[in-house]
**Q** 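This is the structure I want to talk about, given as structure tokens.
Computed over heavy atoms, backbone and side chain alike; hydrogens, waters and symmetry mates excluded. Residue numbers begin at 1 in each chain, while the letters A, B, ... track the order of the sequences.
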2 protein chains.
Amino acid sequence: MLKIPKITETEWEIMRLIWTKHPITSGELIDQLSAQDRSWHPKTARTLLGRLVKKGALKYEPLGRSYVYEPLVTEEECIGSASESFLDRVFGGSLQPMLAYFVKNQKLTKQDFKELGEILEGREKPQNKRGKK
Amino acid sequence: MLKIPKITETEWEIMRLIWTKHPITSGELIDQLSAQDRSWHPKTARTLLGRLVKKGALKYEPLGRSYVYEPLVTEEECIGSASESFLDRVFGGSLQPMLAYFVKNQKLTKQDFKELGEILEGREKPQNKRGKK
DNA sequence: CTAAATGGATTACGACGGTAATCCTTATCT
DNA sequence: AGATAAGGATTACCGTCGTAATCCATTTAG
């Protein structure tokens with residue numbers, strides 16, 4: 001997969017569901033979207049599914065009279081792509097201002113920080129073990 | 001300022017410049033945009049300036065025959081707004097997975113972490129001083 | 001003085017995205 | 001069997017966005 005398609009805000013809702021549970025039929029997806037948020041209209045969901053297929057984010061296969069959808073891109077790939085775009089756009093590539101914002105506005109708790117530190121420590125050790133850079 | 005306007009990718013380039021240097025005339029802005037990236041066309045910049053004014057992100061005052069622009073929203077406000085939207089869109093509003101992602105993908109350095117901790121420490125103390133809650 | 005450049009207002013175009021309808025076919029319900 | 005619902009393909013509408021032109025008046029350059 002050379003190129004990660006740009007996924008719009010509304011399409012993210014769909015993709016997040018499909019990444020959680022796939023293969024999934026359009027009917028199941030629509031049910032679950034509605035369960036999460038009643039303002040979803042089935043026709044809208046169908047249109048967006050079609051667009052995601054066109055973009056290369058999803059594929060489908062006929063199953064009886066309905067379609068079963070599966071992702072063509074992983075959640076991590078899309079997060080990566082979206083994150084880079086976002087960081088470039090808003091921060092010119094730097095993460096720090098965003099984290100500072102979340103800290104200042106109390107979205108990042110001491111618990112988050114503690115866990116973050118543990119992850120970071122966990123990450124450092126394998127690198128040291130590898131030796132080279 | 002109750003509502004932070006949604007600023008598009010291209011508009012961010014303009015806003016970042018104006019936050020750095022304002023008040024600024026349209027001509028100065030156009031010159032600086034072109035200096036950064038030759039693909040900017042003056043007409044495009046003018047259109048986007050007008051839209052940013054319409055959105056409530058900028059204000060202008062006539063100065064001779066040209067206009068002088070100033071931001072109506074701070075960079076911090078816009079970063080905050082954009083960051084929260086990003087978090088909602090890509091991570092369903094949850095901060096922890098985002099932090100974990102950035103750590104795993106080495107976008108968050110030990111230096112960031114250290115600075116983050118300093119901000120967090122700085123934030124905790126004033127609260128304690130206030131006493132209530 | 002004339003021609004060219006400049007600055008802003010207005011307009012325009014095509015693509016995109018959210019929202020949904022219409023049409024057709026098939027399946028289900030009464 | 002007839003009516004209704006469901007599923008998908010196609011179409012449509014409107015606002016947004018990036019891109020830029022046109023028009024007009026004013027300023028600047030030669």
**Q** Whole-Å distance between D/dC17 C1' and A/E9 CD?
**A**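 So the CD-C1' distance, A/E9 to D/dC17, works out to 16 Å.
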**Q** Atom CG of A/L48 and atom P of C/dA21: how far apart are they, to the nearest Å?
**A**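 It works out to 14 Å between those atoms.
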**Q** If I take atom CH2 in residue A/W12 and atom C1' in nucleotide C/dG18, what distance separates them, rounded to the nearest angstrom?
**A**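 Atom-to-atom, A/W12 to C/dG18, this comes out as 18 Å.
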**Q** What string of B, S and - do you get for nucleotides 8-16 of chain C, 5' to 3', if B is base contact, S is sugar-phosphate-only contact and - is no contact with any protein heavy atom under 4.0 Å?
**A** BB--B----
**Q** List the atom pairs, with distances to 0.1 Å, where a side-chain N or O of residues 10-17 of chain A and a protein N or O form a donor-acceptor pair under 3.5 Å, not counting sequence neighbours.
**A**
unit_1: A/E11; atom_1: OE1; unit_2: A/T8; atom_2: N; d: 2.9
unit_1: A/E11; atom_1: OE1; unit_2: A/T8; atom_2: OG1; d: 3.2
unit_1: A/E11; atom_1: OE1; unit_2: A/K55; atom_2: NZ; d: 2.6
unit_1: A/E11; atom_1: OE2; unit_2: A/K55; atom_2: NZ; d: 3.2
unit_1: A/W12; atom_1: NE1; unit_2: A/I7; atom_2: O; d: 3.3
unit_1: A/E13; atom_1: OE1; unit_2: A/W40; atom_2: NE1; d: 3.4
unit_1: A/R16; atom_1: NH1; unit_2: B/R89; atom_2: O; d: 2.3

**Q** Measure the acute angle between the ring planes of B/F91 and B/Y101, then classify it against the limits of 30° and 60° as parallel, tilted or perpendicular.
**A**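 Because their plane-to-plane angle lies in the 30° to 60° range, the rings of B/F91 and B/Y101 count as tilted.
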**Q** Below 3.5 Å between N/O atoms, which protein atoms pair up with nucleotides 28-30 of chain C? Just atom names and distances, please.
**A**
none

**Q** A/L33 CG to C/dT19 C1': how many Å, rounded?
**A**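 Interatomic distance, CG of A/L33 to C1' of C/dT19: 14 Å.
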**Q** Round to a whole Å and report the spacing from NZ of B/K6 to C1' of D/dC17.
**A**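 The answer, rounded to whole Å, is 9 Å.
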**Q** Taking CD in A/E76 as the centre, count heavy atoms belonging to other residues, nucleotides or ligands within less than 6.0 Å. Is the count above 12?
**A**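 Atom CD in A/E76 is not crowded, with 12 or fewer foreign heavy atoms closer than 6.0 Å.
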**Q** Starting at the 5' end of DNA chain C and moving along, which residue's nearest nucleotide shows up first, A/I7 or A/W40?
**A**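 Its nearest nucleotide being more 5', the pick is A/I7.
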**Q** What residues, two or more places apart in sequence or in another chain, satisfy side chain to side chain donor-acceptor pair (under 3.5 Å) together with A/T47?
**A**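 For A/T47, no residue satisfies side chain to side chain donor-acceptor pair (under 3.5 Å) once neighbours in sequence are set aside.
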**Q** Quick one: name the residues clustered hydrophobically with A/V68, using the 4.5 Å side-chain heavy-atom rule over I, L, V, M, F, W, Y, and just say none if it's on its own.
**A**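 A/V68 clusters with A/L63.
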**Q** Nearest-Å distance, CG (B/L49) to P (D/dC17)?
**A**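 B/L49 atom CG is separated from D/dC17 atom P by 15 Å.
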**Q** Mind checking side chain to side chain contact (heavy atoms under 4.5 Å, CB included) for B/S81 and listing every partner two or more places apart, or none if nothing turns up?
**A**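 Testing B/S81 for side chain to side chain contact (heavy atoms under 4.5 Å, CB included), a comparison that skips the adjacent residues, returns B/I4.
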**Q** Send over the distance from B/D37 CG to D/dT19 C1', rounded to a whole Å.
**A**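 Taking CG of B/D37 and C1' of D/dT19, I get 14 Å after rounding.
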**Q** Between B/R89 (CZ) and C/dG18 (C1'), how many Å, whole number?
**A**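 Rounded to the whole Å, the gap is 15 Å.
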**Q** Tell me if a side-chain donor or acceptor on B/D37 pairs with a main-chain N or O of B/S39 at a distance below 3.5 Å.
**A**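 Checking the backbone N and O of B/S39 against the side chain of B/D37, a donor-acceptor pair under 3.5 Å is found.
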**Q** Ring-plane angle category for B/F86 and B/F102, please: parallel below 30°, perpendicular beyond 60°, tilted otherwise.
**A**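 Parallel.
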**Q** Regarding B/T10, tell me which of base, sugar-phosphate or nothing describes its non-hydrogen contacts under 4.0 Å with the strands shown.
**A**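 It contacts sugar-phosphate atoms only.
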**Q** When you measure from the side chain of A/D88 to the backbone of A/S85, do you find a donor-acceptor pair of N or O atoms at a distance under 3.5 Å?
**A**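 No; zero donor-acceptor contacts below 3.5 Å.
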**Q** D/dG18, OP1 or OP2 - any side-chain N/O from B/H41 closer than 4.0 Å?
**A**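 For D/dG18, OP1/OP2 do not have a side-chain N/O of B/H41 under 4.0 Å.
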